[in-house]
Protein chains: 2
Amino acid sequence: MADLARELGVSMTTVSRALSDHFSIGPEMKLKVQKLAKKYNYQPNRMASALRKGQSKLLGIIVPYLEGRFFPKVVRGMETAASRAGYNVVICQSNEDLTHERRNIESLLSAQVAGILVSVSRTTDDFRHFEKVRGRGLPLVFFDRMMPGDALNAVVLDDREGGYLATRHLLAQGGRRVAHFGGLQQLTIYRNRYQGYRDALAEAGLPVEEELTYFGDNTEEAGAEAMRRWLALPNPPDAVFAAGDYAALGAMQEAERQGLVVPTDMAVGGFSNETFTPIAKPSITTVDQRCDEMGQAAVRLLLELIDAQAQGLDFASRQLVLRPELIIRESSQRLGRLSPTPEPLADAAVQ
Amino acid sequence: MADLARELGVSMTTVSRALSDHFSIGPEMKLKVQKLAKKYNYQPNRMASALRKGQSKLLGIIVPYLEGRFFPKVVRGMETAASRAGYNVVICQSNEDLTHERRNIESLLSAQVAGILVSVSRTTDDFRHFEKVRGRGLPLVFFDRMMPGDALNAVVLDDREGGYLATRHLLAQGGRRVAHFGGLQQLTIYRNRYQGYRDALAEAGLPVEEELTYFGDNTEEAGAEAMRRWLALPNPPDAVFAAGDYAALGAMQEAERQGLVVPTDMAVGGFSNETFTPIAKPSITTVDQRCDEMGQAAVRLLLELIDAQAQGLDFASRQLVLRPELIIRESSQRLGRLSPTPEPLADAAVQ
DNA sequence: TTGTAGGCGTTATCAG
DNA sequence: CTGATAACGCCTACAA
């Protein structure tokens, strides 16, 4: 910058102002400076700028992992919204690990991000690192997985609704004994999906039977194990709603290994609309999580917080809830005629 | 930091040195400072530090996208290696778009990263932004997809070998007319996979027939379109090696839609070991890309470059080539007896 | 072993 | 409209 100033015979102040399009600089001066900057390939040092201004155009994102369909899609949505507002993003993976998550927070604080978007790790049971962020006055928005409490900003999916829609659909397809593969219940998302399952059963006048619920990791192995247990029961289920697609797949495969036909003997529904769900045979009915919307909404909320803070305003904390979408595929469609139920329930989601 | 110094009645220098574990500070002083820092929850401002030292502990990563299995896995490998060396990473997506890629480079330069790891976008045909990075003396390592030229550092997969192994396997399974779905040939990886295909054909004394090659995007639709064309030929192929798993899947599905049985009538091999390949029915034979190794190797190479540069040494540019692994699944295994070939070629990869 | 002083590249303030 | 100056938080010669 000093070079530019010297070459043009003006001060650094003028150069700085011309480059940041300050109103007090004449248009022809601006043009001259900007042209020379381009010629010399001048690159502003944002560290220095952030240091001086105490604020960077950087948003921090913490996700548990990047594998799978959900988080990459959400991150893409975030990047879209962020770059529209002139922000860049830094992505960190917590690897579903509390220690990692703490380190991620430290990194982002040290990187002087303008705000943090976080989806809490599965194993996190201590939330002081998040309190620290708020203590510093740094805007914080949770997405998909939030910490407990209600004075916080978050964008989440209505997981209960998702579980409810999926289970109701299985019942409407003639399921009389619908089992549930639940995720680890310390995560709100899994508790809510379970709640949706129970709500749908209650609505149909059915009891929640403990022998028909199984909680575990969302993996094929766990899904298969659950199915093995269920099929060993005197009165096994005829449908399963799994809180994750991997478990749904594992359960489906195990049922088939044991000679059952899906969906005729065993209807299956999952959660997340993973890439493989339309590809599996039969293709898997699942719940879509509105990834892109979630990412964009989370960034918009964060930017509002940042703006409010810059203006010294108080901002009431807000939680956005997105409605999930049930995607009906082969693994659950008994097509009526095969249904063992005399009077299937109505299913509004089926066209 | 000034607060700490005041409270302890020492200078900021002492505090700074105590915190960075400088040798000239007494152990009891260090302890005192560090305890107080913890108490006040002192967080070093890395922007200021980076500004002063002209170097940050930040590595920039540019990937075309994060969806799918490959890039998340590579990034995970990178994070592992980076964090071992005390570095953090910033991830950017170029979205397979040159303009985006240029912006990513600018962002990373402005963020004062210590080095950049990049996998080039598919549409990039102008490489000046990379030259600019090297012009600044910033270490640059390509992974998986590199720019043309040879005075550069890169970690790549031996894509030719992957194409060769897959094609040779299809031939060994009795394929007599093996078709190839190739990716866009402006990317070296796809040219190399095509080359491997041709090498395997040549080794088996077979000609490369133009009507049996099709180039397109790695999507299900393109794969299906290719298969439609091939099946309309007077003498259609009996096996396909696709340079991507999505295309392999699309081709396989189209073949089945037209009444063929995979692998009996049509053997199929893909590339990338995507998550869905073991799940599809039949499961898809594919080539694994050693994601984790690639990520770790790329970071190690970058760190060596950074070190060499810090010591003012010259570093001969280096290209690491990883060997891919052929993963044989159902979509290609004709199990000998079904093979229409009288004398199948030997296939070392089959156990 | 500790302190002093100057500067990394930018920008806000205040004075022309 | 433009310029001089100080400061952001940290690090490191150099001096003590």
Side-chain angles (χ1 to χ4, degrees), chain A residues 1-34 36-37 40-58 86 106-114 136-138 310-312, chain B residues 1-34 36-37 40-58 86 106-114 136-138 310:
Chain A
M1 213 165 87
D3 298 348
L4 299 188
R6 203 178 314 114
E7 176 142 352
L8 288 168
V10 296
S11 74
M12 270 170 54
T13 311
T14 307
V15 174
S16 169
R17 290 208 263 242
L19 290 173
S20 50
D21 211 30
H22 194 272
F23 64 91
S24 73
I25 300 291
E28 78 292 347
M29 187 72 216
K30 272 183 195 164
L31 220 69
K32 266 205 320 213
V33 172
Q34 283 161 3
L36 199 69
Y40 280 164
N41 223 310
Y42 164 79
Q43 206 64 37
N45 182 332
R46 291 205 193 157
M47 292 247 162
S49 169
L51 177 61
R52 181 63 239 256
K53 295 199 289 192
Q55 232 247 29
S56 71
K57 284 288 196 181
L58 211 56
E106 303 295 333
S107 294
L108 294 178
L109 287 178
S110 289
Q112 310 295 110
V113 295
R136 300 220 163 187
L138 199 65
Q311 294 169 31
Chain B
M1 214 164 86
D3 298 347
L4 300 188
R6 202 175 318 110
E7 175 142 352
L8 289 168
V10 297
S11 76
M12 273 172 52
T13 312
T14 307
V15 175
S16 168
R17 289 209 262 241
L19 290 172
S20 51
D21 212 29
H22 193 272
F23 65 91
S24 73
I25 300 291
E28 78 292 347
M29 186 74 216
K30 272 184 194 164
L31 219 68
K32 268 206 316 213
V33 172
Q34 282 162 2
L36 198 70
Y40 280 164
N41 224 309
Y42 166 77
Q43 207 63 38
N45 182 331
R46 289 206 194 154
M47 292 247 161
S49 167
L51 179 60
R52 176 63 233 263
K53 296 198 290 192
Q55 233 247 30
S56 71
K57 284 287 195 181
L58 211 56
E106 303 294 333
S107 293
L108 294 179
L109 288 178
S110 289
Q112 308 295 110
V113 295
R136 301 218 164 189
L138 199 65

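By convention in this document, chain letters (A, B, ...) are assigned in the order of the sequence lines, proteins followed by strands, and residues within each chain are numbered from 1.
A:Leu51 and B:Ala48 make their closest contact through CD1-CB, 3.7 Å (heavy atoms, listed as atom of the first residue, atom of the second, distance).
Nucleic acid contact class of B:Met1 (heavy atoms, under 4.0 Å, all strands): sugar-phosphate only.
Side-chain N/O atoms of A:Arg52 and base N/O atoms of C:dT11 include a donor-acceptor pair closer than 3.5 Å. With hydrogens and angles ignored, a donor-acceptor pair closer than 3.5 Å exists between the side chain of A:Thr13 and the base of D:dA4.
By the 6.0 Å contact criterion, NZ on A:Lys30 is enclosed, its count of non-hydrogen atoms from other residues, nucleotides or ligands being greater than 12.
Residues from residues 16-28 of chain A that place a heavy atom under 4.0 Å from any atom of DNA chain C, listed by number: A:Ser16, A:Arg17.
Without hydrogens or angle criteria, A:Ser56 side chain to A:Gln112 main chain gives a donor-acceptor distance under 3.5 Å. Proximity of a side-chain donor or acceptor of A:Ser20 to a complementary backbone N or O of A:Ser16 within less than 3.5 Å is detected. Using modelled atom types, one side-chain atom of B:Gln34 and one backbone atom of B:Ala18 make a donor-acceptor pair closer than 3.5 Å.
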Report task. Would you check, one step at a time, whether the test side-chain contact (heavy atoms from CB on, under 4.5 Å) holds for A:Val33 with A:Met29? Result -> CA-CA 6 Å; A:Val33 172; A:Met29 187 72 216; 3.7 Å; yes
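What separates CD of A:Gln43 from C1' of C:dT10 is a distance of 15 Å, to the nearest Å. The separation between A:Asp3 atom CG and C:dC8 atom P is 12 Å, rounded to whole Å. Taking atom NZ of A:Lys57 as the reference point, atom C1' of C:dT11 lies 15 Å away to the nearest angstrom. Atom C1' of nucleotide C:dC8 and atom CE of B:Met47 are separated by 14 Å, given to the nearest angstrom. Note: CZ (B:Arg6) to C1' (C:dG3) measures 16 Å, nearest angstrom. Between the CZ atom of B:Arg136 and the P atom of C:dG9 there is a distance of 12 Å, given to the nearest Å. Straight-line distance from the NZ atom of A:Lys53 to the C1' atom of C:dT13: 16 Å, rounded to whole Å. Protein atom CG of A:Leu8 is 10 Å distant from nucleotide atom P of D:dG3, rounded to whole Å.
Comparing B:Gly9 and B:Leu51 by the nucleotide of DNA chain C whose heavy atom lies nearest to each, the residue mapping closer to the 5' end is B:Gly9.
With C:dT2, D:dC10, C:dT10 as the choices, the nucleotide that has an atom nearest any side-chain atom of A:Asn45 turns out to be C:dT10. Side chain of A:Met29, nearest nucleotide from D:dT2, D:dC10, D:dG3: D:dT2. When distances are taken from the side chain of B:Met12 to each of D:dC10, C:dT10, C:dG9, the shortest belongs to D:dC10.
An OP1 or OP2 oxygen of D:dC10 is reached within less than 4.0 angstrom by no side-chain nitrogen or oxygen of B:Ser49.
At a threshold of 4.5 Å between non-hydrogen side-chain atoms, the residues A:Arg6 and A:Asp3 count as touching.
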